[in-house]
Amino acid sequence: MTVRVGIIGVGVMGADHARKINGQISGAEVSVVADFDTDRAKSVASELRDAQVAEDGKALIERDDVDAIIVASHDSTHAELVHAALAANKPVLCEKPLAPTAAECREIIAAQGDRNLITVGFMRRFDPAYNELKRAATPERIGETLVAHCISRNVTAGPGDSAATITNSAIHELDVMPWLLGSPITEVSWHAGRTSKHSGPRQDPQIMLLRTESDVLMTVELFVNARYGYDTRCEIVGEEGIAQFAIPAHVIVDSELKRSIEYPVDWVPRYAEAYRLELQEWVDSIAEGRPSTLADADAGLRAGLVADALVVSMNSGGRTVTVEY
């Protein structure tokens, strides 16, 4: 069986998914793409084998030559498009967030009912580095976990406000850290000091404090206009040791009395293998008619509830807010 995939939104993320599906994923092909920028959709379609261009996302979902859908369009469109996929009874992989608010996530889950159609693109669960960190950060290796530190930095960010930094960028940490530590986030607070001259209308950087049910305190730094490169870091501090990422670089250059590494310009090369593994599992689960191991709609809701609590904290002077599940 070849799963015919329709992709809505073919900017950086959607175009990368399209190229991976046609070049690296077995059992699937991209049959249709759609984007609000028709020229961009046509350009991406021209790279693919026999891919067509749909008028818009809803038209793509309704086509008979689309078996499954990837939603990689702007965050504000996710809920509407996922609802349309559910109405068509087609599997949908929605890039994060599932919806901009937890309330919209709940509506999606209610519409899904007992069907298993929705997955969410929290690809860090498939990243080899995060999985190695999860295996290393055990009581047997480093003792009981006490503290965790996360850093996520981008070169530049597109238009958006401070809340968008939480719902679009920090949302990855809000999903992957409970998965890594095996404990949900129960309370949060949001903090900021000086803002970068490159930040525009958003506060940048932002610092978030998260506490898990197991009483592990986490710091999360989000700096989406850091300029120097794309950089994700994570450190788990235990009673007997620490486990952390090595800075992800494949090549070190020694020259002119200096040692240097290069950072990627965005997340695509850093998480290339995670995206490949995620897409292959998604396609295999559809072909085999079984639940996938991707994050489900409930995971999207849990991350959304934490994000909502952080926005409340941000708008109320950084007070500590309990996450209401």
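All residue numbers refer to positions in the sequence shown, counting from 1.
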Verdict with supporting geometry, Trp282 and Ile70, side chain to side chain contact (heavy atoms under 4.5 Å, CB included): CA-CA 10 Å; Trp282 181 61; Ile70 293 176; 3.7 Å; yes
Closest approach of [X] and [Y], non-hydrogen atoms and distance?
X: Val283; Y: Gly27; answer: CG1-O, 3.6 Å
X: Met1; Y: Ala287; answer: SD-CA, 3.9 Å
X: Pro184; Y: Pro178; answer: CA-CB, 4.2 Å
X: Thr145; Y: Leu181; answer: CG2-CD2, 4.0 Å
X: Val323; Y: Ala309; answer: CG2-CB, 4.0 Å
X: Ile25; Y: Arg276; answer: CD1-O, 3.5 Å

Can any side-chain N or O of [X] pair as donor or acceptor with the backbone N or O of [Y] at less than 3.5 Å?
X: Asn168; Y: Ala164; answer: no
X: Lys134; Y: Trp179; answer: yes
X: Gln203; Y: Gly193; answer: yes
X: Thr212; Y: Ile185; answer: no
X: Arg115; Y: Gln112; answer: yes
X: Asp35; Y: Val10; answer: yes
X: Glu235; Y: Ile242; answer: no
X: Gln24; Y: Ile21; answer: no

With no hydrogens and no angle check, do the side chains of [X] and [Y] hold a donor and an acceptor under 3.5 Å apart?
X: Arg40; Y: Ser43; answer: no
X: Ser26; Y: Gln280; answer: yes
X: His198; Y: Ser196; answer: no
X: Thr77; Y: Glu80; answer: no
X: His191; Y: Ser189; answer: yes

Quick one: are [X] and [Y] in side-chain contact, heavy atoms under 4.5 Å?
X: Met218; Y: Arg211; value: no
X: Val220; Y: Trp190; value: no
X: Met208; Y: Ile166; value: yes
X: Thr119; Y: Asp296; value: no
X: Pro100; Y: Thr167; value: no
X: Lys90; Y: Asp67; value: no
X: Ser183; Y: Val216; value: no
X: Ile236; Y: Gln244; value: no

Nearest 0.5 angstrom please: [X] [atom1] to [Y] [atom2], how far?
X: Ser31; Y: Leu60; atom1: OG; atom2: CG; result: 7.0 Å
X: Trp267; Y: Met123; atom1: CH2; atom2: CE; result: 9.0 Å
X: Thr232; Y: Tyr263; atom1: OG1; atom2: OH; result: 10.5 Å
X: Asp308; Y: Ser313; atom1: CG; atom2: OG; result: 12.5 Å
X: Met13; Y: Lys96; atom1: CE; atom2: NZ; result: 9.0 Å
X: Leu210; Y: Leu217; atom1: CG; atom2: CG; result: 8.0 Å

Give the intermediate values and the outcome of salt bridge (Lys or Arg N to Asp or Glu O under 4.0 Å) for residues Asp65 and Arg63. CA-CA 5 Å; Asp65 54 352; Arg63 288 180 62 127; 2.9 Å; yes
So which pairs with a foot in residues 136-148 pass salt bridge (Lys or Arg N to Asp or Glu O under 4.0 Å), sequence neighbours left out? none
When you look at Ile118 and Ile108, which way does the side chain to side chain contact (heavy atoms under 4.5 Å, CB included) test go after all the steps? CA-CA 9 Å; Ile118 302 170; Ile108 289 169; 3.3 Å; yes
Residues [X], [Y]: salt bridge by 4.0 Å N-O rule:
X: Lys20; Y: Asp16; answer: yes
X: Glu221; Y: Arg153; answer: yes
X: Asp127; Y: Arg270; answer: yes
X: Arg135; Y: Glu132; answer: no
X: Asp175; Y: Arg125; answer: yes
X: Arg4; Y: Glu29; answer: no
X: Arg202; Y: Asp204; answer: no
X: Lys258; Y: Asp254; answer: no
X: Arg290; Y: Glu281; answer: yes

So if you build clusters from Ile, Leu, Val, Met, Phe, Trp, Tyr with side-chain heavy-atom gaps below 4.5 Å, do [X] and [Y] land together?
X: Val176; Y: Leu209; answer: no
X: Ile261; Y: Tyr228; answer: yes
X: Val188; Y: Val147; answer: no
X: Val53; Y: Ile8; answer: no
X: Ile151; Y: Leu222; answer: no

Pick out which of Val5, Asp50, Val30 makes a side chain to side chain contact (heavy atoms under 4.5 Å, CB included) with Asn22. Val30
Would Arg106 and Leu301 count as a side chain to side chain contact (heavy atoms under 4.5 Å, CB included) here? Give the steps. CA-CA 7 Å; Arg106 290 191 191 279; Leu301 171 61; 3.7 Å; yes
Take the angle between the ring planes of Tyr230 and Tyr271 and call it parallel below 30°, perpendicular above 60°, tilted in between. perpendicular
Above 12 or not: heavy atoms from other molecules or residues under 6.0 Å from CZ of Arg194? no
Using a cut-off of 6.0 Å, state whether more than 12 heavy atoms not belonging to Glu213 lie near its atom CD. no
Assess whether side chain to side chain contact (heavy atoms under 4.5 Å, CB included) is satisfied between Val71 and Glu95, documenting all intermediate values. CA-CA 6 Å; Val71 174; Glu95 278 303 327; over 6 Å; no
Ring centroid separation for Tyr275 and Phe126, is it under 6.0 angstrom? no
